[in-house]
Amino acid sequence: MIQLKNVEFGYDKNRKLFNGVNWQLEPGHLYGLLGRNGAGKTTLLKIMTGLLFPQAGEALIDGEPAHKRTAKQLSDIYFLQEEIYVPHLKIKQFEEAFAPFYPNFSHEQFVEYLTEMEMDNMLGFIDKFSHGQKKKVMIAFALATNVPLLIMDEPTNGLDIPTKSIFRKIMAAYADEQKTVLISTHQVRDLHSLIDAVSIIDNGRMILNAPGDVITDKLLFDVDDQKAQAGKLYYSEETPRGIYQVKENVNHVDSALDLELLFNATVQNKKEFTELFK
Amino acid sequence: MNINNIVKLIKAYFYENWQNDVIYNFLVMMAVALFSMLMSPFQVGVVFFAAFFLIVYYPCRLFSKLHKPSSRMHYLLLPATNGEKVVAGMFLANVYYILGIALSVIIGILLGYGILCVARHEVVDMLGMNLGLFFKESILPYGENILLLYASISAMFFAAIYFKKSPFWKLMLTGFVVSLVLGAIMFGVDWLNEAMTLPAEIRNGNYIKTEHHIGTSDNWLQYVVPSVSIVYFYAMSFLRMRETEA
């Protein structure tokens with residue numbers, strides 16, 4: 001559906017942000033795009049959606065260049081920005097104005113999501129709400145569009161703790177085989193349980209792009225009193241609770257994917273991980 | 001080009017802007033026309049200047065979404081092609097808004113006329129001699145400048161898409177430079193015209209035009225320049241919209 005082929009891009013001609021990024025999103029996955037501050041996560045999302053044009057290489061949506069921004073391409077995508085656009089409209093009016101652009105938009109789902117997030121006053125002006133409330137409305141709208149590709153940039157920023165839980169619950173029920181969800185975030189703890197494929201970008205390259213089960217098949221996430229004896233130790237972090245570590249999964253033991261540990265292990269072992277998850 | 005998408009864009013525009021348009025534009029314009037009629041009856045120069053300004057400035061408001069990062073992304077990602085977005089904008093700037101302003105001016109003038117008649121204890125005759133003559137002699141002549149109006153809108157339309165900040169002032173500055181260049185061209189054409197006719201006139205001792213006469217600049221430039229500008233600026237607007245990034 002979405003493909004990046006050797007994408008190069010930089011805001012400054014002399015300093016490339018991306019240097020040959022390759023990436024493909026498959027339907028039915030909930031991707032987590034991770035990266036340090038300034039790594040270019042939002043820029044990459046803009047390139048994927050045709051909002052920025054690659055300086056070399058290609059960004060394709062359904063095989064067509066993304067920068068063409070055809071109506072069909074755009075109706076297959078909803079991009080929930082971190083800095084949300086909030087017009088002076090009531091929730092009901094916002095829905096009436098923009099829902100017709102999305103053929104699979106469901107009013108019932110929209111109301112259901114709003115109710116779950118305690119935002120069911122359809123006659124409230126969105127721009128008068130708090131930042132978190134605005135975000136809830138936009139998340140509900142984004143989910144109700146039922147587009148094949150939903151992209152969310154830092155969706156949990158500004159949400160209170162109960163709403164983060166509700167968000168996780170809604171997202172867990174939302175994903176299906178036809179839909180792809182891509183969440184860009186640095187708040188990995190919020191989305192731990194949701195993400196089933198991880199992409200990590202660092203220094204202008206996609207250094208890891210793999211489904212969660214493949215990652216846990218090759219890596220063991222463990223907490224122990226002492227450092228690993230068997231298998232290669234990729235990363236460890238001493239805490240009062242013990243030593244958190246990412247090890248080579250020699251015996252293919254099941255473990256829960258820890259995104260924060262994975263991220264740190266990946267940036268410390270770029271070359272090895274690139275080979276490991278080729 | 002899908003007409004449904006254009007309709008959706010226009011509908012979305014109305015949801016977001018109809019109150020602003022009605023309250024801050026149409027009602028204000030109506031009030032200006034009404035008070036102008038009351039203060040100096042049948043002298044509508046100020047009203048037409050205000051209407052012209054509002055109409056030409058309108059594309060800046062129309063594309064104000066392109067001037068802020070978050071609204072620019074939202075607008076560019078609306079499922080419609082760049083061409084459909086430009087056509088929807090052209091409809092709003094060239095049809096809807098002009099009709100809205102024109103209607104406001106007419107209603108304002110009629111209301112003002114009605115109030116004047118009542119104040120003077122005259123019979124209110126909307127189709128009467130005074131008003132009919134007024135429309136014929138004072139308003140219709142403005143229609144001759146319609147080409148110039150549409151050319152000005154097209155230029156502002158392009159500027160509103162092209163410039164990310166202060167499109168109005170940037171267009172004014174550009175317009176000033178272009179006017180200088182056009183003025184120089186017109187001056188050059190007139191000068192060339194005189195230079196080519198002068199020897200024959202001197203030779204014959206009169207001022208009868210010769211075969212070398214190529215026509216004065218104001219004969220054709222006043223139609224050609226605006227017409228070409230309209231096509232040029234809308235074509236450039238489309239290309240610019242296609243190249244706009246967020």
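Chain letters run A, B, ... following the sequence lines, proteins first, then strands; residues in each count from 1.
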Discussion item. Less than 6.0 angstrom separating the ring centers of B:Y234 and B:F157, yes or no?
Written reply: yes

Worksheet item: Among B:T81, B:L76, B:L77, B:N2, who wins on heavy-atom pairs under 4.5 Å with chain A?
Response: B:L77

Distance-only donor-acceptor hits, side chain of residues 27-40 of chain A, under 3.5 Å, sequence neighbours excluded:
residue : atom : partner : partner atom : Å
A:Y31   : OH   : A:E26   : N            : 2.8
A:R36   : NE   : A:D202  : OD1          : 2.8

Discussion item. Quick check for you: among B:E84, B:R242, B:K68, which has the greatest number of heavy-atom pairs under 4.5 Å with chain A?
Written reply: B:R242

Worksheet item: Side chain, backbone, both or neither: which part of B:K8 has an atom under 4.5 Å from a heavy atom of chain A?
Response: both

Fill in: Ring-ring centroid check B:H74 A:F98, cutoff 6.0 Å
yes

Discussion item. Under a 3.5 Å threshold, yes or no: a donor from one side chain and an acceptor from the other, between A:T42 and A:D153?
Written reply: yes

Worksheet item: Is the B:Y96 ring parallel, tilted or perpendicular to the B:F26 ring (thresholds 30°, 60°)?
Response: perpendicular

Worksheet, complete the sentence: Counting heavy-atom pairs under 4.5 Å with chain B, the top scorer among A:A97, A:P87, A:S75, A:G50 is A:A97

Item to complete: For each of B:T244, B:N5, B:N4, tally heavy-atom pairs with chain A at distances under 4.5 Å, and name the one with the top tally.
Response: B:T244

Discussion item. Which atoms of A:K68 are under 4.5 Å from chain B, going by heavy atoms: the side chain, the backbone, both sets, or neither?
Written reply: backbone

Practice prompt. Measure distances from B:M1 to the heavy atoms of chain A and classify the residue's part below 4.5 Å as side chain, backbone, both or neither.
Written response: neither

Discussion item. Checking side-chain polar atoms at under 3.5 Å, does A:Y85 have a donor or acceptor matched by the opposite partner on A:Q81?
Written reply: no

Worksheet entry | Chi angles and distances behind the ring pair (Phe, Tyr, Trp, His ring centres under 6.0 Å) call for A:F105, A:F141 | CA-CA 9 Å; A:F105 186 90; A:F141 185 87; 5.0 Å; yes

Worksheet item: Which one of A:F79, A:F53, A:F94 has the most heavy-atom pairs closer than 4.5 Å to chain B?
Response: A:F53

Fill in: A:I77, part contacting chain B, at a heavy-atom distance under 4.5 Å
neither

Item to complete: With a 4.5 Å cut-off on heavy-atom pairs, point out which of A:I84, A:L51, A:T70, A:T49 contacts chain B the most.
Response: A:L51

Fill in: Proximal component of B:R72, with respect to chain A [non-hydrogen, under 4.5 Å]
neither

Response to the item:
Applying a strict 4.5 Å limit to non-hydrogen atoms, the region of A:L52 in contact with chain B is both

Less than 3.5 Å apart, which donor and acceptor atoms pair up between the side chains of residues 59-66 of chain B and the rest of the protein, not counting sequence neighbours?
residue : atom : partner : partner atom : Å
B:R61   : NH1  : B:D21   : OD1          : 3.4
B:R61   : NH2  : B:D21   : OD1          : 3.0
B:R61   : NH2  : B:N25   : OD1          : 3.4
B:S64   : OG   : B:R61   : O            : 2.9
B:K65   : NZ   : B:E16   : OE2          : 2.7

Worksheet item: With ring centroids as reference points, do A:Y102 and A:Y78 lie under 6.0 angstrom apart?
Response: yes

Practice prompt. Measure A:E96 against the heavy atoms of chain B and call it side chain, backbone, both or neither at under 4.5 Å.
Written response: both

